[in-house]
Amino acid sequence: MPELRSKAKEILELVRECVKEFESLSEEKRRELIERYTAELKPKEERKEKILPPLERAEKGKVVMRFAPNPNGPPTLGSARGIVVNDEYCKIYEGKFILRFDDTDPRTKRPMIEAYEWYLEDCEWLDAKPDEVVYASKRIPIYYEYCEKLLEMEKAYPCFCSKEEFKKYRDSGVECPHRNTSAEDSLEIWEKMLNGEFDEGEVVIRIKTDMKHKDPAIRDWVAFRIIYEDHPLVGDEFFVWPTLDFESAIEDHLLGITHIIRGKDLRDSELRQRYIYEYFGWDYPITKHWGKVSIHEFGKLSTSELRKEIEAGKYQGWDDPRLPTIRALRRRGFKPEAIRKFILSLGVGENDVAVSVKNLYAENRKLIDPIANRYFFVWDPVEIKIEGLDRVVDVKIPLNPKKGGYRVLKGSNEVYICREDFDRLKEGDVIRLKDFCNVRLIDKDKAIFEFEGFELRDVKKGKNIIHWLPKQDVVECYVYGVERDYKGFAEKNALNDMGKVVQFERFAFCKLEKFDEVLRAVYTHP
RNA sequence: GCUCCGGUGGUGUAGCCCGGCCAAUCAUACCGGCCUUUCGAGCCGGUGACCCGGGUUCAAAUCCCGGCCGGAGCACCA
């Protein structure tokens, strides 16, 4: 009842009186009153699971957003944020999602030709298939057109200052001598640039902003520069390249982008680009910026860093299971939905986030635990003998506690167990081979155990149930891990789940990748 | 240095714009218990936070001011 707020003081008085009156009543009477009135109160409304905060001034059906990477490597968990968050908003508002390659620098951040395809693949896999794909490097003439307009309007000019010279002008807030070049002269110089009459670094096109702008970063910025280098996608067709700020400013308008969400490192871009929007009379999209993400286990998610390490041979490739690339996570058997949820759980705040990959594991676990079949994998195996067990028994073990179903192992007197389980035992200890039987260690040096019975209850207490494998009917198994790789044996039954994610009990979830004499699996997560 | 932006449990996040349903959400981590069988899965429970100081107000996580701490940009990179 907000209309009563202004009368709060009077109401407070009334409340006090009521409380006094209530306190003077008998215990029984009080109970009765409480029951009578609380019954009328509505239960607190359930809070809906709000995944993302609403987008400012967004109308259903009219939202257009984009994710604009430079494809200089495959998408990582960092890129996935741009993909998933933009796509998610498009889904919420039934908008249009555009993937745009901002690939206008053939040298310093040189695009990687395969990466274009990788972005397409990974977007689709992440359930974020773009409605439209745009390649900036294929649309250079469009940017030239707008540059010419600005030169005509004398809102841009060719500048012959060296980087260092211009820095002085920028820092002191003084206009450089080239700033008042006439439209006519500017266009002539521009023509010569396009004809290849200048060397790299000799001349650039600058956008006029305000040389007295309080933030030096905004003052007359570069829109075009000359780079004589083949572009991986379009070859040597162009050598006058727009900078990101220019290309992106034009494209965002042309594509009708309504909302931009991107890293806060690009916050100043908005300030710079607004000048162009003002000159052309365009409306700037609504922007939102987020901080950096780093993941404890992976560190910073920089593509160029990863590239160096791959080239140095530290990793096997871009899908090495130790890498934070989307291809690696896919190879490890993560569900796209888990990655989406994980990313959305980071929100869209401006502070930097440092989060543990365990959150991603937890999301994925919820999805795969109910469906993943269980198998035994014995790494660093130790062969043990069980005395007093003369027959081979069929051991039925549940495939999945929720789904039901069984697999069968031949329980015999020669089995493998994990070295780490064996090592912690001392002679006389009794352990249970899960679902099979109980055994007592009698000779540690020779790894000899004694059969103690099939009954579970004898050893149920404690932490004495371990997994095992019969010496027969196993396959060699190699697991590509994150911390380390594992070698050992897996039960043959696992071959029925080739290509799937299974849970190796007491080890981890793993994706069974291929079988070539050896079962090769990739570690998913615990 | 100049400019801009942030600070909610161990971690991430919701709430902040529009002050009261907030003794603060959800998740993860951690701890404890449960399970005719995963010491590494599952199920149940528990611990745990509004950066500090002032101000405005009947009422502040929310508004204002100051401080402290953190981040980003200041490229012919994206």
Side-chain angles (χ1 to χ4, degrees), chain A residues 2 5-12 42 44-45 47 49-51 53 56 68-70 72 102-105 107-111 159 161-163 166-167 170-171 200-206 213-219 221-227 241 243-245 247-248 263-269 271-272 289 291-293 296 303-304 341-342 344-356 358-363 365 369-370 372 374 376 397-398 400-402 421 424 432-436 455-457 459-460 462-467 503-509 526:
Chain A
R5 276 186 195 175
S6 52
K7 297 182 180 164
K9 271 187 179 163
E10 297 149 55
I11 291 169
L12 197 65
K42 283 182 227 156
K44 210 171 169 182
E45 252 179 76
R47 277 175 212 239
E49 197 193 345
K50 249 194 252 166
I51 304 206
E56 199 186 329
N70 174 28
N72 62 342
D102 282 351
D103 55 348
T104 58
D105 173 22
R107 184 174 294 147
T108 317
K109 294 245 168 125
R110 184 164 230 271
C159 173
C161 296
S162 69
K163 267 189 242 182
F166 192 82
K167 188 169 162 46
R170 181 176 48 225
D171 291 349
E200 276 188 26
E202 209 177 335
V203 60
V204 297
I205 301 296
R206 286 187 188 279
H213 195 286
K214 59 182 177 175
D215 182 354
I218 308 307
R219 298 172 188 168
W221 49 275
V222 173
F224 285 89
R225 76 290 208 204
I226 299 169
I227 305 170
W241 290 99
T243 55
L244 171 82
D245 279 337
E247 173 267 318
S248 154
K264 65 180 174 183
D265 48 323
L266 292 175
R267 177 180 279 287
D268 284 351
S269 276
L271 264 24
R272 286 192 281 259
H289 295 90
K292 243 192 273 171
V293 179
H296 301 323
T303 313
S304 27
K341 281 193 173 160
F342 168 68
L344 293 174
S345 80
L346 302 178
V348 285
E350 276 208 31
N351 36 357
D352 294 349
V353 299
V355 68
S356 167
K358 285 177 184 173
N359 292 277
L360 172 60
Y361 292 171
E363 292 295 351
R365 193 147 48 221
D369 182 66
R374 270 59 170 165
F376 285 162
I397 312 176
N400 179 300
K402 285 196 183 111
D421 284 326
R424 68 186 163 82
R432 180 168 180 81
L433 304 177
K434 186 172 180 281
D435 295 294
F436 177 23
E455 289 299 308
L456 168 68
R457 69 180 81 99
V459 286
K460 193 179 166 276
K463 307 164 173 180
N464 297 318
I465 300 172
I466 67 167
H467 66 292
Q503 188 196 56
F504 284 142
E505 293 190 47
R506 301 212 309 137
F507 180 66
F509 290 95

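This is a predicted model, so every value here is computed, not measured. Numbers restart at 1 for each chain; the letters A, B, ... are given by sequence-line order, proteins then strands.
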Which pair of non-hydrogen atoms, one from [X] and one from [Y], has the smallest distance, and what is that distance?
| X | Y | value |
| --- | --- | --- |
| Asn72(A) | Lys109(A) | ND2-CD, 3.9 Å |
| Phe342(A) | Leu360(A) | CD1-N, 3.5 Å |
| Asn400(A) | Ala372(A) | ND2-O, 2.8 Å |

Take atom [atom1] in [N] and the same atom in [M], then report the distance between them in whole Å.
| N | M | atom1 | result |
| --- | --- | --- | --- |
| A72(B) | A49(B) | P | 29 Å |
| C26(B) | C4(B) | C1' | 32 Å |
| A41(B) | C69(B) | C1' | 41 Å |
| G48(B) | U38(B) | C1' | 29 Å |
| G73(B) | G54(B) | C1' | 32 Å |
| C18(B) | C65(B) | P | 14 Å |
| G46(B) | A29(B) | C1' | 14 Å |
| G7(B) | A14(B) | C1' | 16 Å |

Under 4.0 Å, counting only non-hydrogen atoms across every strand here, what does [X] touch: a base, just sugar-phosphate, or nothing?
| X | answer |
| --- | --- |
| Asp105(A) | sugar-phosphate |
| Ala68(A) | nothing |
| Asn351(A) | sugar-phosphate |
| Ser269(A) | nothing |
| Arg219(A) | nothing |
| Leu266(A) | base |
| Gly201(A) | base |
| Asp215(A) | base |
| Lys214(A) | sugar-phosphate |

Quick check: do [X] and [Y] have side-chain heavy atoms less than 4.5 Å from each other?
| X | Y | answer |
| --- | --- | --- |
| Leu244(A) | Leu266(A) | yes |
| Glu200(A) | Ile227(A) | yes |
| Asp369(A) | Phe509(A) | yes |
| Val222(A) | Phe166(A) | no |
| Ile465(A) | Arg506(A) | no |
| Lys434(A) | Ile397(A) | yes |
| Asn70(A) | Asp105(A) | no |

Take the protein atom [atom1] of [X] and the nucleotide atom [atom2] of [N], then report the distance between them rounded to whole Å.
| X | N | atom1 | atom2 | result |
| --- | --- | --- | --- | --- |
| Ile226(A) | C77(B) | CD1 | C1' | 18 Å |
| Leu360(A) | G12(B) | CG | P | 16 Å |
| Lys358(A) | G40(B) | NZ | C1' | 12 Å |
| Lys434(A) | U38(B) | NZ | C1' | 6 Å |
| Asp265(A) | A72(B) | CG | P | 9 Å |
| Glu505(A) | A41(B) | CD | C1' | 8 Å |
| His467(A) | C39(B) | NE2 | P | 10 Å |
| Lys264(A) | C74(B) | NZ | P | 14 Å |

Nucleotide nearest [X] when distance is taken to its side chain, options [options]:
| X | options | value |
| --- | --- | --- |
| Thr108(A) | G73(B), C74(B), C77(B) | C77(B) |
| Val204(A) | U38(B), C76(B), A27(B) | C76(B) |
| Ile227(A) | C2(B), C77(B), G15(B) | C77(B) |
| Val355(A) | U11(B), G42(B), C39(B) | U11(B) |
| Ile465(A) | A41(B), U28(B), U37(B) | U37(B) |
| Asp352(A) | A78(B), G15(B), G71(B) | G71(B) |
| Ala354(A) | C76(B), C77(B), G12(B) | G12(B) |
| Glu350(A) | C5(B), A27(B), U13(B) | C5(B) |
| Pro401(A) | U38(B), U28(B), G42(B) | U38(B) |
| Arg206(A) | U13(B), C76(B), C39(B) | C76(B) |

Each stem that RNA chain B is part of, given as range with range (3 or more consecutive Watson-Crick or G-U pairs, under 3.5 Å):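 When the pairs of RNA chain B are grouped into runs of at least three, the stems are B:1-7 with B:68-74, B:10-12 with B:26-28, B:30-34 with B:42-46, B:51-55 with B:63-67.
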
Hey, does the side chain of [X] come within less than 4.0 Å of [N]'s phosphate (OP1/OP2), counting only N and O?
| X | N | answer |
| --- | --- | --- |
| Arg225(A) | A75(B) | no |
| Ser356(A) | G12(B) | no |
| Arg374(A) | U37(B) | no |
| Lys292(A) | G71(B) | no |

5' precedence on RNA chain B between Ala217(A) and Arg267(A) (nearest-nucleotide basis):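 First, find each residue's nearest nucleotide; the 5'-ward one identifies Arg267(A).
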
hbond_proxy Gln503(A) side chain to U38(B) base (donor-acceptor, 3.5 Å cutoff):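 When only heavy-atom distances are counted, Gln503(A) does reach the base of U38(B) through a donor-acceptor pair under 3.5 Å.
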
Side-chain donor/acceptor of Asp421(A) to base of C39(B), under 3.5 Å: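 Checked by distance alone, the answer is yes.
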
Residues Lys264(A) and Asp352(A) bridged, charged N to O under 4.0 Å: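 Counted as a salt bridge, because a side-chain N and a carboxylate O are separated by less than 4.0 Å.
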
